[in-house]
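Worksheet: one structure, shown below.
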Amino acid sequence: MTEHDTYFSSRHCNPQWRHLLSALFDGLLNSVPEQEARSFLRQVGANMALSLPLGAHDTLDALEGAINKRWSELDWGQAKLRSHDDYLAIHHYHCPVPHQQGRMVEAAQKSLAMVLEGVYGSWLLAQGGEPDVTVRLADTQDGLVLHYGKEAAHD
């Protein structure tokens, strides 16, 4: 079990919500095509972003600070932003994903990643991003890694 897993299982996803969220996400992903689920959950994330505005920021460090302030207020973890030549990598750690037997519930992890795609996509659009560029989950090995860039938009 990694340091992040220990944090998740001991602290995140309050026990009163674990079973409901697990059942909800599992039911959603198993009852509609993945693209429909992604569209719905991305919209949920976009709506969250509207209720959690960041304000304008001139640097990546300032934007990261504003994002982490919002996540801290919600106890939704933290983010690290890394600029690459053709995309922005968003490393999100410690989001409230239900765990069972020390492991993240796969449907919940996948669903919350889709929600985060919507949140980060809306936040970056508000920072002057391009409307046709989206955020996409790229990796789940160490937290969630999302990419924002032209290539991510065409996956």
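- Atoms NZ and CG, from Lys110 and Leu41 in turn, are 11.0 Å apart once rounded to the nearest 0.5 Å.
- Contact check for His147 versus Leu137: no side-chain heavy atoms found under the 4.5 Å cut-off.
- The closest donor-acceptor contact from the side chain of Ser72 to the backbone of Asn68 lies at 3.5 Å or more, if one exists at all.
- A salt bridge between Glu64 and Arg82 is present, with a side-chain N of the basic residue lying under 4.0 Å from a carboxylate O of the acidic one.
- For the atom pair CG (Leu63) and CG (Leu124), the distance works out to 6.5 Å, reported to the nearest 0.5 Å.
- Between the Ser39 side chain and the Gln35 main chain, no donor and acceptor come within less than 3.5 Å of each other.
- Considering only heavy atoms from C-beta on, Leu81 comes within 4.5 Å of Leu88 through its side chain.
- Interatomic distance, Leu144 CG to Cys95 SG, rounded to the nearest 0.5 Å: 4.5 Å.
- Between the side chain of Gln127 and the backbone N or O of His57 there is at least one donor-acceptor pair closer than 3.5 Å.
- Arg70 places a side-chain N or O within donor-acceptor distance of the main-chain N or O of Pro53, the cut-off being under 3.5 Å.
- In summary, the aromatic rings of His94 and Trp71 are positioned with their centroids too far apart to meet the 6.0 Å limit.
- Aromatic ring orientation, Tyr120 versus Trp123: perpendicular (interplanar angle above 60°, classes split at 30° and 60°).
- Put simply, Ile67 and Leu125 are part of two different groups of oily side chains (I, L, V, M, F, W, Y) that touch within less than 4.5 Å, one to the next.
- You'll find the side chain of Arg38 reaches within 4.5 Å of the side chain of Arg136, heavy atoms only.
- Side-chain contact check for Val115 versus Arg42: every heavy-atom pair is 4.5 Å or farther apart.
- Judged by distance alone, the side chain of His92 and the main-chain N or O of Ala113 form no donor-acceptor pair under 3.5 Å.
- Considering NZ of Lys80 and CD1 of Ile90, their distance stands at 14.0 Å, rounded to 0.5 Å.
- Not a single donor-acceptor pair under 3.5 Å links the side chain of Ser122 to the backbone N or O of Val119.
- In Asp58, the CG atom is not crowded: 12 or fewer heavy atoms of neighbouring residues, nucleotides or ligands sit closer than 6.0 Å.
- In this structure, Gln78 contributes its side chain and Tyr93 its backbone to no donor-acceptor pair below 3.5 Å.
- Val44 and Leu50 fall into different hydrophobic clusters, where Ile, Leu, Val, Met, Phe, Trp and Tyr side chains are chained together by heavy-atom contacts under 4.5 Å.
- Taken from CG in Leu112 to CH2 in Trp76, the straight-line distance is 5.0 Å, to the nearest 0.5 Å.
- Rounding to the nearest 0.5 angstrom, the gap separating the CG atom in Asp139 from the CG atom in Leu146 is 10.0 Å.
- When all heavy atoms of Leu29 and Ala37 are compared, the pair lying nearest together is CD2-CB, 3.7 Å.
- Residues Tyr148 and Gly129 come closest through the heavy atom pair OH-CA, 3.3 Å.
- The two residues Leu54 and Ala66 come nearest to each other via the heavy atoms CD2-O, 3.7 Å.
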